[in-house]
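Written below as structure tokens is the structure these notes are about.
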2 protein chains.
Amino acid sequence: MNSQTPRSCCPVACTLDLIGDKWTLLVIRDLALGKSHFSEFQKSPERIATNILSNRLTRLLEYEIVEKYPSETIPGRDAYRLTKKGKTLKPILKSIFNWGIRYIEGTKSFDEMRQNESS
Amino acid sequence: MNSQTPRSCCPVACTLDLIGDKWTLLVIRDLALGKSHFSEFQKSPERIATNILSNRLTRLLEYEIVEKYPSETIPGRDAYRLTKKGKTLKPILKSIFNWGIRYIEGTKSFDEMRQNESS
DNA sequence: CGGCAACACTTGCATTATGCAAGTTTCTCT
DNA sequence: AGAGAAACTTGCATAATGCAAGTGTTGCCG
């Protein structure tokens, strides 16, 4: 998706090289809401294409935003979750969420979004 | 860039439909730093292409994030600035800035970025 | 143990966005 | 009027996204 060479040393530009697209933060949103399996991400209302989902998960694994772990519900299967580093993206998510709620008509909160800072 | 129909009623998704790309928030960053002319945005270290810059400014005008006004320095010319609504994006910018500074090696603060909440 | 279904992807190809360079228009200043 | 800079626009190559169909890998049931 993005080249390996940063466009500049600006922290905003570099962060956008990582999460500045239409899908990455939605995957992170789903992870923050506790989703952990490929099919769960697929079911989100935005209907992410499987190739893009696969691509983003791989990228996020590389950057250690996300990690795999053995699924508890389905033995023998892997699942995804935010790493410690990944969880530090929540303030960004929250600021975007708040802006949308406030300034974009028709957007609705979802119960699960109330800050579960514990997770 | 993005279709007019929202992907979902999620505030995160809708906000990303507006600013979720590699360039839009960089233009907003420049505006937040006080840049106001086309050529100033062009000169930023990320070297935005003129067609993309033009496209983003038009979009931001449509969404009333940005407005034109007569330039003070160059009489007879227009310039761009954030609207009141546009300025409300600053917390998003700031959260992204902070994350970059903290988690991306080699990123550097720029003096002008210290919050001038007044502007 | 064999087969089928669900899950987790991968592949191929059409569409859209981005990147780059060059061209055009508008405005200012002399 | 003419030069030069600023502000775009256009054309075309490359890369990202979207969509549908295909493949391999469990998991379970008989």
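Every heavy atom of this structure was used, including side-chain atoms; hydrogens, water molecules and symmetry mates were not. Note on naming: letters A, B, ... go to the chains in the order of the sequence lines (proteins, then strands), and numbering restarts at 1 for each one. All of these numbers come straight from a predicted model, not from anything done at the bench.
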For [N] and [X] - does any side-chain N or O of the residue sit under 4.0 Å from the phosphate oxygens OP1/OP2?
X     : N      : value
A:W23 : D:dG18 : yes
B:Y80 : D:dC8  : yes
A:K22 : C:dA17 : no
B:S39 : D:dA7  : yes

Separation of [N] [atom2] from [X] [atom1] (nearest whole Å):
X     : N      : atom1 : atom2 : answer
A:D21 : C:dT16 : CG    : P     : 19 Å
A:E40 : C:dC9  : CD    : P     : 13 Å
B:L26 : C:dT18 : CG    : P     : 12 Å
A:K68 : D:dT25 : NZ    : P     : 13 Å
A:I74 : D:dT25 : CD1   : P     : 18 Å
B:F38 : C:dC27 : CZ    : P     : 15 Å
A:R56 : C:dC9  : CZ    : P     : 15 Å
B:I52 : C:dA17 : CD1   : P     : 11 Å

Q | Residues which pass side chain to side chain contact (heavy atoms under 4.5 Å, CB included) with A:K108, listed by chain and number, not counting sequence neighbours | A |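 Per chain and number, A:K108 pairs via side chain to side chain contact (heavy atoms under 4.5 Å, CB included) with B:C9.
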Q.
Can you list everything that forms a side chain to side chain contact (heavy atoms under 4.5 Å, CB included) with B:Y103? Sequence neighbours excluded, please.
A.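 For B:Y103 the side chain to side chain contact (heavy atoms under 4.5 Å, CB included) partners, ignoring immediate neighbours, are A:K85, A:T88, B:W99.
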Output all residues satisfying side chain to side chain donor-acceptor pair (under 3.5 Å) with [X], sequence neighbours left out; order by chain, then residue number.
X     : result
A:R77 : none
B:S54 : none
B:E67 : B:R81

Q) Under the salt bridge (charged side-chain N to carboxylate O under 4.0 Å, His left out) test, which residues partner B:E64, sequence neighbours left out? A)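 Counting only residues at least two positions away or on another chain, B:E64 forms no salt bridge (charged side-chain N to carboxylate O under 4.0 Å, His left out).
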Q) Taking the side chain of A:S54 as heavy atoms from C-beta outward, which of D:dA7, C:dG19, C:dC9 is closest to it? A) C:dC9
**Q.** salt bridge (charged side-chain N to carboxylate O under 4.0 Å, His left out) contacts touching residues 31-47 of chain A (sequence neighbours left out)
**A.** A:R29-A:E46, A:D30-A:K35
Detail all sub-3.5 Å separations between protein N/O atoms and N/O atoms belonging to nucleotides 3-5 of chain D.
none

Q | Within residues 43-51 of chain B: residues closer than 4.0 Å to DNA chain D (heavy atoms) | A |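 When residues 43-51 of chain B is checked for heavy atoms under 4.0 Å from DNA chain D, the hits, listed by number, are B:T50, B:N51.
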Q: Could you tell me whether a side-chain N or O of B:T24 sits under 3.5 Å from a main-chain N or O of B:D21, the two making a donor and an acceptor?
A: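 Side chain of B:T24 to backbone of B:D21, a donor-acceptor pair under 3.5 Å: no, none is there.
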Q. Do A:Y80 and A:L61 come close enough that some side-chain heavy atom pair is under 4.5 Å?
A.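 Yes, side chains in contact.
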